[in-house]
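For reference, the structure is listed below as structure tokens.
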Amino acid sequence: SSDLIYTYQDLLQVGQDEKARMDFVLAAINEHKSSAKVKTAQTASDYFAGLNTTIMAYNKFVYNLMGKKVPDIWSPNHKISCHYYRYFIIQEVLYLLGNGVSFADEATKKRLGKDFDQKAVKAAIEALNGGEVYVFLNNDHVEVFPLYDTVSKAYFAPLKDEENGFVRAGIRFWQLDDSKPERFTLYEEDGYTDYIRREGKDMEVLNEKRPYLQIVERSDATGERISDGSNYPGFPIVPFYNVGQRSELDGNQEAIDALDLMMSTLVNNIDNAEVIYWIIKNAGGMDDLDDQRFVERLKTLHVVHTEGEEEVDAHTVNVPFEASETAIERLKNTLFDNFMALDVKNIASGAATATEIKAAYEPLNSKTDLFEMQVTEFINGILSLAGIDDTPSYTRSMIVNKQEEVQTLLTAAEHLSEEYVTR
């Protein structure tokens, strides 16, 4: 795997020969699939779904009498995945975008599509997972193109300009099933071209290059046809980068894996421990089968009869729960610190003052301030393409002491305008 992805200049060198362009599309997608950043995006998406692929692939081994390493199929091997990574991502995204994006002009939201708020949330989640995501202004709405989409199984490979790093073209690939045709769309500044590769056949052009803003004529004689069209003033796919263009999983995966391993080990130890075991004295004549029958009788009747000098002593095993719980709590605190997340358990229900609540939010506020800059940059790119002169704003979702806030407001109401107080 590498990050050496095809560039916009590579596409220009191919020229307009369709066979060469199709070969380029295939090569670029194949390299994109194997790139390190796509692998990271896939792993982060799995963790976001609650699937710790590291823990799921973890196997226990033991050494037999011959000294050979063999899989341990006897002891418990529960594999527990925590959902803290998902919790942190959702908390940050909904803290900023949970109340939607606001604009000064109400018409702006309509021009961007009635589902723009939902698309913005989806894009933000993908940006945090993969480090980058791409948003396509498709006439009267937007579409989100992750590096890899776990739902649609689609890939998007951006083609950046080697000189300035701007995205100048891109390729989207998807396939519903291994038995279904492979679909490719090459997006360029002057239009987009659709390709298809059916099973057992060569790749071919499905739809020749068309403009993004199409004028469609309809008639009873000819049906629908594109009579004319135009393009945007720039490339209509806008990048949305996370801070540093890095996945939130980077630098945090090890701590998450350690927490899941500790949780799994604790449960395995409890499952593996015989809470009570017995030592039978002066019973040297018993073989393994006798021992098994003896234990089964104890577990069913909870009574045993001894003859002669035999003695039975019961013993208990204590699982080192306290040490494991301490390590688990430390790992949890480390994750909250690393993600600069809000731990709502630290805010006493209904008792915390407004100052205490704001102090608890400060790490999340600082992190969200940086992420808000990235969100605003991507939205401004969409607005510029659409020819809209407006500015986005956000209302963060905070836990507040309502009673204290209302009292403070009423105290200052006489010095404020009625409109401000109401708002």
inquiry  = Counting C-beta onward and ignoring hydrogens, is there a side-chain heavy-atom pair between Thr193 and Val25 closer than 4.5 Å?
reply    = no
message = Before you tell me yes or no, could you show the steps for Asp149 and Arg172 under salt bridge (Lys or Arg N to Asp or Glu O under 4.0 Å), namely the whole-Å CA-CA distance, both residues' side-chain angles and the distance that decides it to 0.1 Å?
response = CA-CA 11 Å; Asp149 192 328; Arg172 189 163 186 259; 5.2 Å; no
message = Using the ring pair (Phe, Tyr, Trp, His ring centres under 6.0 Å) criterion, which residues pair with Tyr134? Sequence neighbours excluded.
response = Phe156
task = Check each of Arg198, Lys19, Arg183 against Glu204 using the salt bridge (Lys or Arg N to Asp or Glu O under 4.0 Å) test, and report the only one that passes.
result = Arg198
task = Run the numbers on Ser366 and Met340 for side chain to side chain contact (heavy atoms under 4.5 Å, CB included), then give the verdict.
result = CA-CA 8 Å; Ser366 299; Met340 302 175 70; 4.0 Å; yes
request  = Answer yes or no: is there a donor N or O on one side and an acceptor on the other, between the side chain of Asp390 and the main chain of Ala104, under 3.5 Å?
outcome  = yes
Heavy-atom side-chain proximity of Val135 to Glu143 below 4.5 angstrom = no
query = Which atoms form the tightest heavy-atom contact between Pro146 and Val133, and what is the distance?
reply = CA-CG2, 3.6 Å
request  = Please tell me if the side chains of Asp343 and Lys332 come closer than 4.5 Å, counting only heavy atoms from C-beta onward.
outcome  = no
key: Geometric class of the Phe88/Phe336 ring pair [parallel <30°, tilted 30-60°, perpendicular >60°]   = perpendicular
query = Could you give the distance from CD (Glu372) to OH (Tyr95), rounded to the nearest 0.5 Å?
reply = 10.0 Å
key: Contact summary for Ala169 and Leu11, nearest pair of heavy atoms   = CB-CD2, 4.0 Å
query = Closest approach of Ser264 and Ile55, non-hydrogen atoms and distance?
reply = OG-CG2, 4.3 Å
request  = Let me see the working for Asn207 and Tyr192 under side chain to side chain contact (heavy atoms under 4.5 Å, CB included), right down to the final yes or no.
outcome  = CA-CA 9 Å; Asn207 295 303; Tyr192 64 100; over 6 Å; no
inquiry  = Return the CD to CD distance between Gln9 and Glu162, rounded to the nearest 0.5 Å.
reply    = 4.0 Å
request  = Kindly indicate whether a cation-pi arrangement holds for Lys109 with Phe116, taking the cut-offs as under 6.0 Å to the six-membered ring centre and within 45° of the axis.
outcome  = no
query = Closest approach of Leu385 and Pro236, non-hydrogen atoms and distance?
reply = CD1-CA, 3.6 Å
message = Do the side chains of Glu362 and Lys358 get close enough for a salt bridge, i.e. N-O under 4.0 angstrom?
response = no
Short side-chain to backbone donor-acceptor contact, Ser81 and Asn52, under 3.5 Å = yes
Tyr232: partners by ring pair (Phe, Tyr, Trp, His ring centres under 6.0 Å), with sequence neighbours left out = none
ask   = Closest heavy-atom contact between Ala49 and Arg86?
value = CA-NH1, 4.4 Å
query = Does Asp10 use its side chain to pair, donor to acceptor, with the backbone of Thr7 at less than 3.5 Å?
reply = yes
task = Determine whether more than 12 heavy atoms belonging to other residues, nucleotides or ligands lie under 6.0 Å from atom NZ of Lys209.
result = yes
inquiry  = Could you check whether atom CZ of Arg21 has more than 12 heavy atoms from other residues, nucleotides or ligands sitting under 6.0 Å from it?
reply    = yes
request  = Ignoring hydrogens and angles, tell me if any N or O in the side chain of His32 forms a donor-acceptor pair with the backbone of Leu147 under 3.5 Å.
outcome  = yes
ask   = Parallel, tilted or perpendicular: which describes the rings of Tyr212 and Phe136, with under 30° parallel and over 60° perpendicular?
value = perpendicular
request  = Quickly, which of Ile388, Asp117, Asp140 forms a side chain to side chain contact (heavy atoms under 4.5 Å, CB included) with Leu112? Name it, please.
outcome  = Ile388
ask   = Tell me, do Lys153 and Gln175 make a side-chain contact under 4.5 Å, heavy atoms counted?
value = no
query = In terms of ring plane angle, is the pair Phe371 and Phe240 parallel, tilted or perpendicular, where the classes change at 30° and 60°?
reply = parallel
query = Can you find a heavy atom in the side chain of Glu377 that is under 4.5 Å from one in the side chain of Met373?
reply = no
ask   = Is it true that a side-chain atom of Asn99 and a backbone atom of Thr395 form a donor plus acceptor pair closer than 3.5 Å?
value = yes
ask   = Which atoms form the tightest heavy-atom contact between Ala255 and Leu331, and what is the distance?
value = O-CD2, 4.3 Å
ask   = Do side-chain atoms of Gln91 reach the backbone of Leu342 as a donor and acceptor pair under 3.5 angstrom?
value = yes
key: Phe166 ring center within less than 6.0 Å of Phe235 ring center   = no
query = Is it the case that more than 12 heavy atoms not belonging to Asp389 sit under 6.0 Å from its CG atom?
reply = no
ask   = Passes side-chain hydrogen bond (donor to acceptor under 3.5 Å, both in side chains), Tyr85 versus Asn129? Steps please.
value = CA-CA 10 Å; Tyr85 178 74; Asn129 279 336; 2.7 Å; yes
task = Check salt bridge (Lys or Arg N to Asp or Glu O under 4.0 Å) between Asp257 and all other residues, then give those that pass, not counting sequence neighbours.
result = none
query = Within the side chain of Gln374, is there an N or O that forms a donor-acceptor pair under 3.5 Å with the backbone of Tyr241?
reply = yes
ask   = Can you check whether Ser247's main-chain N or O pairs, donor with acceptor, with Asn242's side chain at less than 3.5 Å?
value = no
ask   = Do the non-hydrogen side-chain atoms of Leu259 and Ile256 ever get within less than 4.5 Å of each other?
value = no
query = When rounded to the nearest 0.5 angstrom, what is the spacing between CD1 in Ile237 and CD in Glu188?
reply = 11.0 Å
request  = Take atom CD of Glu254 as the centre, draw a 6.0 Å sphere, and report whether it contains more than 12 heavy atoms from other residues, nucleotides or ligands.
outcome  = yes
query = Taking it one step at a time, do Leu261 and Thr54 satisfy side chain to side chain contact (heavy atoms under 4.5 Å, CB included)?
reply = CA-CA 10 Å; Leu261 181 60; Thr54 305; over 6 Å; no
query = For the side chain of Lys367 and the backbone of Phe339, is there at least one donor-acceptor N/O pair under 3.5 Å apart?
reply = yes
request  = Could you walk me through whether Leu26 and Arg197 pass side chain to side chain contact (heavy atoms under 4.5 Å, CB included), step by step?
outcome  = CA-CA 10 Å; Leu26 285 174; Arg197 184 166 67 174; 3.7 Å; yes
remark   = Taken to the nearest 0.5 Å, the spacing of Leu159 CG from Leu186 CG works out to 7.5 Å
ask   = Considering residues, nucleotides and ligands other than Asp17, do more than 12 of their heavy atoms fall under 6.0 Å from its CG?
value = yes
query = Does atom OH of Tyr420 have more than 12 heavy-atom neighbours, drawn from other residues, nucleotides or ligands, at distances under 6.0 Å?
reply = no
ask   = For Thr185, does its backbone N or O pair with a side-chain atom of Asp194 as donor and acceptor, under 3.5 Å?
value = no
ask   = Applying the side chain to side chain contact (heavy atoms under 4.5 Å, CB included) test to Pro392, which of Val375, Ile379, Ile382 qualifies?
value = Ile379
Tyr187 side chain reached by Ile171 side chain, heavy atoms, under 4.5 Å = no
note = From the list Phe24, Tyr195, Phe173, ring-ring contact (aromatic ring centres under 6.0 Å, His included) partner of Phe184 resolves to Phe173
inquiry  = Looking at Arg396 and Asp369, is any side-chain nitrogen of the basic one under 4.0 Å from a carboxylate oxygen of the acidic one?
reply    = yes
key: Thr150 side chain reached by Phe48 side chain, heavy atoms, under 4.5 Å   = no
